[in-house]
**Student:** 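The structure that follows is given in the form of structure tokens.
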Amino acid sequence: MRGASVSTDQYHEPPSELSAEVRTFARMCASLSEEAEAIGWYEQRIAVETDEDAKAIMTDSLGEEFKHFSMELEFLLRKKPQWRETARGILFKEGDIVEHGEAAEEAASSS
């Protein structure tokens, strides 16, 4: 065992060669992925839970996971203006999601 060293599982390059900013970004990406996974788990648990008190607690926990997911996504989008611009063209719009995505990607890459 390595002792108190930081896990490097989330890195694809040697952590010592990455800036602090890139390491933070990688940690936030990992956290976003973990929150998304937890959201999926809670959705499944809630779908099969028959005890109403347990279901209420799980539903509250699900809301916390979604809040954390949203905060992490916002952090990442603030760090990547082109991603933010693409997201603006997709999120909270009626209509075809794929069409919005294609148009948003094109618009963001041409700016």
Side-chain angles (χ1 to χ4, degrees):
M1 186 157 179
R2 293 185 188 164
S5 67
V6 174
S7 171
T8 59
D9 293 346
Q10 65 203 14
Y11 303 115
H12 296 282
E13 300 296 332
S16 61
E17 295 180 22
L18 300 172
S19 68
E21 182 179 335
V22 169
R23 290 192 314 270
T24 295
F25 193 84
R27 283 192 292 272
M28 291 303 287
C29 285
S31 293
L32 183 72
S33 178
E34 291 163 2
E35 297 297 345
E37 187 173 43
I39 289 166
W41 291 340
Y42 277 113
E43 286 288 343
Q44 292 175 50
R45 292 172 186 161
I46 291 165
V48 299
E49 184 55 59
T50 58
D51 183 289
E52 290 304 315
D53 290 333
K55 187 180 265 190
I57 292 166
M58 290 179 206
T59 299
D60 183 70
S61 295
L62 172 62
E64 287 295 309
E65 300 296 349
F66 188 73
K67 176 185 78 176
H68 298 154
F69 176 91
S70 298
M71 292 187 315
E72 290 155 3
L73 179 60
E74 178 64 18
F75 176 90
L76 294 170
L77 293 175
R78 287 181 183 186
K79 298 295 181 183
K80 299 289 183 181
Q82 189 171 355
W83 289 10
R84 187 173 195 80
E85 191 60 33
T86 299
R88 278 193 180 117
I90 300 167
L91 298 175
F92 311 109
K93 294 184 178 279
E94 297 294 323
D96 188 287
I97 296 169
V98 174
E99 287 178 12
H100 290 316
E102 294 299 323
E105 182 180 43
E106 186 176 323
S109 66
S110 66
S111 1

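Treat the numbers as computed from the prediction; the structure is a model and nothing was measured. For reference, positions follow the sequence shown, starting with 1.
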**Student:** Looking at CG of Leu77 and CG of Leu91, how far apart are the two atoms once the value is rounded to the nearest 0.5 Å?
**Tutor:**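 Nearest 0.5 Å value for the CG-CG distance: 7.5 Å.
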**Student:** Please report the interatomic distance CD(Glu34) to NE2(His68), rounded to the nearest 0.5 Å.
**Tutor:**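 Result: 12.5 Å between the selected atoms.
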**Student:** Any donor and acceptor pair, going by atom type alone, linking the side chain of His100 with main-chain N or O of Glu94 inside 3.5 Å?
**Tutor:**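 At least one qualifying donor-acceptor pair exists.
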**Student:** Can you find a heavy atom in the side chain of Tyr42 that is under 4.5 Å from one in the side chain of Glu49?
**Tutor:**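 Of all side-chain heavy-atom pairs linking Glu49 with Tyr42, none is under 4.5 Å.
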**Student:** Is any side-chain heavy atom of Glu74 less than 4.5 Å from a side-chain heavy atom of Arg84?
**Tutor:**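 Yes. Closest side-chain heavy atoms under 4.5 Å.
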**Student:** So, taking the atom named CD in Glu37 and the one named CD in Glu65, what distance separates them when rounded to the nearest 0.5 Å?
**Tutor:**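 If I round to the nearest 0.5 Å, the distance is 10.5 Å.
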**Student:** About how many Å separate CD1 of Ile97 and CD1 of Ile90, when rounded to the nearest 0.5 Å?
**Tutor:**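 So the gap between those two atoms works out to 9.0 Å.
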**Student:** Minimum heavy-atom separation for Gly89 and Ala104, please, with both atom names.
**Tutor:**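 Heavy atoms only, the tightest pair is CA-CB, 3.7 Å.
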**Student:** For the atom pair CD1 (Ile57) and CD (Glu52), what is the distance rounded to the nearest 0.5 Å?
**Tutor:**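 Here the interatomic distance stands at 11.5 Å.
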**Student:** Taking side chain as C-beta onward, heavy atoms only, is Arg23 less than 4.5 Å from Tyr11?
**Tutor:**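 Yes, their side chains come closer than 4.5 Å.
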**Student:** Is Phe66 atom CZ crowded by more than 12 heavy atoms from other residues, nucleotides or ligands, each under 6.0 Å away?
**Tutor:**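 12 or below, so no.
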**Student:** Can you check side-chain contact (heavy atoms from CB on, under 4.5 Å) on Trp41 and Ile46, steps first, answer last?
**Tutor:** CA-CA 9 Å; Trp41 291 340; Ile46 291 165; over 6 Å; no
**Student:** Would Phe25 and Trp83 count as a close aromatic pair, with their ring centres under 6.0 Å?
**Tutor:**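 Yes, the ring of Phe25 comes within the 6.0 Å limit of the ring of Trp83, centre to centre.
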**Student:** What's the shortest heavy-atom distance between Asp51 and Asp53, and which atoms?
**Tutor:**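 Distance-wise, the nearest heavy atoms are OD1-N, 2.9 Å.
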**Student:** Is Glu64 atom CD crowded by more than 12 heavy atoms from other residues, nucleotides or ligands, each under 6.0 Å away?
**Tutor:**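 Yes, the 6.0 Å shell around CD holds more than 12 heavy atoms from other groups.
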**Student:** What's the spacing between Cys29 SG and Leu73 CG if we round to 0.5 Å?
**Tutor:**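 So the gap between those two atoms works out to 10.0 Å.
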**Student:** For the side chain of Glu35 and the backbone of Phe69, is there at least one donor-acceptor N/O pair under 3.5 Å apart?
**Tutor:**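 Checking the backbone N and O of Phe69 against the side chain of Glu35, no donor-acceptor pair under 3.5 Å is found.
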**Student:** Can a donor-acceptor pair be found, under 3.5 Å and without considering hydrogens, that links the side chain of Ser109 to the backbone of Glu106?
**Tutor:**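 Here the side-chain-to-backbone pair exists.
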